[in-house]
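Okay, structure first, notes after.
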Amino acid sequence: MTLLDLKWIRENEEEVRLMLEHRGANFPLDELLKLDAVRREKLTAVEALKARRNDGSKLVGSLKREGKDASALLDELRKLDEEIGNLDAEVSSIQGKIDELLLQIPNRVHASVPVGRDEEENVVVRTWGDPPNFDFEPKPHWDLGTTLDIMDFERGVSLAQSRFTVLKGMGARMERALIQFMLDLHTTEHGYVEIEPPFLVNTATMRGTGQLPKFAEELYKCADDDLWLIPTAEVPLTNMHAGEILSEDRLPIYYTAYTPCFRREAGSHGRDVRGMLRQHQFDKVELVKICHPEKSYDELERLTRNAEKVLQLLELPYRVICLCSGDMGFAASKTYDIEVWLPSQGKYREISSCSNCEDFQARRINTRFRPRDGGRPRFVHTLNGSGIAIGRCLIAVMENYQRADGSIAVPDALVPYMGGIREIGPLR
RNA sequence: GGUGGGGUGGCCGAGCAGGCUUAAGGCACUCGCCUGCUAAGCGAGUAGAGUGGCAGAAACCGCUCUCGAGGGUUCGAAUCCCUCCCCCACCGCCA
């Protein structure tokens, strides 16, 4: 990992302080700055000694070649070596502490983000469609799914745990149809390249997008291998060009992928326990962009619209909100959440989250581009968004398209993907 | 899992009995010269990161580090030793 961001922090101390305050984050900035000062002081000292050693070593070489005695010089160099060893150890110990701290500092907040403490202060940006009017009491998806025998919550639990669900028959079919529908839309209409990434990634990859080290308790880890189950396809997609210097002509890069996502939901005990709104395993189609730093906020608007398009084509009412500074994720500089209408709850629930991470992840994974006019490589900006969460979309379709008799109409856009089936009724 | 061969700059590829290598040479690219145009030819240049010189930025100059990763030996490591990762070939196992 590069430490360029440290230089920026050093030079923009007050901005960092303000950001931490707006996020409500607890971070020992003074300690970091002090460590940085000490590190640079020691580094300068040890580098001067190394320069002397290098000169001396060369001299030894030429003395020996001429057959002269070099023992006095060798004694001196041996002493130098010891000093260097000690100082080096100090520097790397300080460096280790700095690296640890740097991994825990959240991303900067974009100027357009509302300052606020928690989700109460998020701002509604726009609303699309109208919640349907039912002349009967709309049922929650778990009732619909159980009655139609397309969702089996009990067997999900018996096979695995709570927060696992078995989809069956037309339920499984619609899950698959939604995946196909969304991938087709994003690849053919929106210009994304379809990727099928690994569903397990190593620690370095997990660290690159910011899941580690702070959020290890949210992840499933393999006991015998350095592998973690991905909590979102954002992780493998954003890491695709880790360590690379791309030519500017390759930007922007758009990737989309369908993957299952695995989350321990460690901090969510008791929330959304019924139904399949909050699962340990869920399907998602993800959108990722890797782009030029000056274009990233335009790209964020477009990416959000790309996700919204899914709901528009499915004719599901939704709204877009802009998260306030205190409610944003660790890696994001700006985030729009898309919330879909759920009739059984009478409210909007998150179905997509679209973020611009600016260069936060790019620094961690070291993805840069070489500017067209030459010059030093610069960090790219990375963006990600759900395009969209499949399980929650299935729920939204079921609840919004339910009829009085408990059957479910298939949205027109989905009919071709359902083999022409227009409604899901009770199994005969 | 076993055996053997590898991992060097944007790419190819030498170096691997430790010190005249500040990583040879080639390709590609950039600039200049030459030239009706193009090609060829000639000349020069072309990695990244950290840090210092400046109050700061750019430019420039210096130093340190980087030859898959991390340790070790040594005054000195691309070169020797150890561990790990990855690639290739064959064998075993396997959807």
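Residue numbers begin at 1 in each chain, while the letters A, B, ... track the order of the sequences.
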Name the nucleic acid region contacted by Leu43(A), choosing base, sugar-phosphate or nothing; use a 4.0 angstrom heavy-atom cut-off, strictly under. sugar-phosphate

Tabulate atom names and distances for all N/O pairs under 3.5 angstrom spanning the protein and nucleotides 83-88 of chain B.
none

Quick check: do Arg364(A) and Leu103(A) have side-chain heavy atoms less than 4.5 Å from each other? yes

Can a salt bridge be assigned to the pair Glu218(A) and Arg263(A) using a cut-off of 4.0 Å between side-chain N and carboxylate O? no

Atom-to-atom span, CZ of Arg370(A) to C1' of rA47(B) - whole angstrom: 7 Å

Salt-bridge criterion met for Glu31(A) and Lys34(A) (N-O under 4.0 Å): no

Determine the Euclidean distance between corresponding P atoms of rU21(B) and rG13(B); express it in Å to zero decimal places. 23 Å

Got a salt bridge between Glu294(A) and Arg378(A), using NZ or NE/NH1/NH2 to carboxylate O under 4.0 Å? yes

Using side-chain heavy atoms (C-beta onward) and a distance below 4.5 Å, is Glu299(A) in contact with Tyr254(A)? yes

Could you tell me how far rG70(B) sits from rA77(B) if I compare only their P atoms? Round to whole Å. 15 Å

P atoms of rG68(B) and rG9(B), separation to the nearest Å: 8 Å

Between rU30(B) and rA47(B) - C1' atom distance, rounded Å: 15 Å

Can you check whether Phe360(A) reaches Phe330(A) side chain to side chain, under 4.5 Å on heavy atoms? yes

When you check the gap from the basic side-chain N to the acidic O, do Arg163(A) and Glu265(A) get nearer than 4.0 Å? no

Are Arg40(A) and rG52(B) close enough that a side-chain N or O sits under 4.0 Å from OP1 or OP2? yes

Among Leu342(A), Ile388(A), Leu316(A), find the one that has a side-chain contact (heavy atoms from CB on, under 4.5 Å) with Ile351(A). Ile388(A)

Could you tell me whether Asp272(A) and Arg349(A) have a side-chain N and a carboxylate O separated by less than 4.0 Å? yes

C1' atoms of rG1(B) and rC80(B), separation to the nearest Å: 30 Å

Regarding Arg39(A) and Asp36(A), does a basic nitrogen lie under 4.0 Å from an acidic carboxylate oxygen? yes

Considering only atom P, compute the distance from rC11(B) to rC63(B) and round it to an integer number of Å. 27 Å

First of Asp81(A) and Ser62(A) reached from the 5' end of RNA chain B, by closest nucleotide: Ser62(A)

With RNA chain B as reference, determine whether Ser57(A) or Glu41(A) sits nearer its 5' end, using the nearest nucleotide of each. Ser57(A)

Rounded to whole angstrom units, what separation is found between the CD1 atom of Ile98(A) and the C1' atom of rG50(B)? 12 Å

If I take atom NZ in residue Lys64(A) and atom C1' in nucleotide rU74(B), what distance separates them, rounded to the nearest angstrom? 10 Å

Within the 4.0 Å heavy-atom criterion, would you say Arg10(A) contacts the bases, only the backbone, or no part of the nucleic acid? sugar-phosphate

Go through the steps for Lys295(A) and Asp298(A) under the test salt bridge (Lys or Arg N to Asp or Glu O under 4.0 Å), then give the verdict. CA-CA 6 Å; Lys295(A) 309 260 176 70; Asp298(A) 289 340; over 6 Å; no

In whole angstrom, what separates Glu82(A)'s CD from rU74(B)'s P? 12 Å

Rounded to the nearest angstrom, tell me the gap between atom NZ in Lys58(A) and atom C1' in rU21(B). 11 Å

In 5'-to-3' order, the base (B), backbone-only (S) or no-contact (-) status of each nucleotide in nucleotides 56-71 of chain B, using a 4.0 angstrom heavy-atom cut-off, is -S-----BBS------

Could you summarise the pairing of RNA chain B as dot-bracket text, marking Watson-Crick and G-U pairs under 3.5 Å with ( ) or [ ] inside the strand and | across strands? ((((((((.[[[..)...(.....]]]((((((.......))))))(((((((......))))))).[[[[[..)....]]]]])))))))....

Distance check, P atoms only: rC61(B) and rU8(B), in whole angstrom units. 30 Å

Distance, rounded to the nearest Å, where Ile94(A) contributes CD1 and rG50(B) contributes P: 18 Å

Flag the pair Thr335(A) / Ser353(A) as yes when at least one side-chain heavy-atom distance between them is below 4.5 Å, and no otherwise. yes

Measure the acute angle between the ring planes of His190(A) and His186(A), then classify it against the limits of 30° and 60° as parallel, tilted or perpendicular. tilted

In whole angstroms, the gap separating P of rA47(B) from CD of Glu244(A) amounts to 20 Å

When rounded to whole Å, the CG to C1' distance for the pair Leu63(A) and rG19(B) reads 12 Å

Any Arg78(A) side-chain nitrogen or oxygen under 4.0 Å from OP1 or OP2 of rG76(B): no

Rounded distance in Å between the C1' positions of rU22(B) and rC65(B): 15 Å

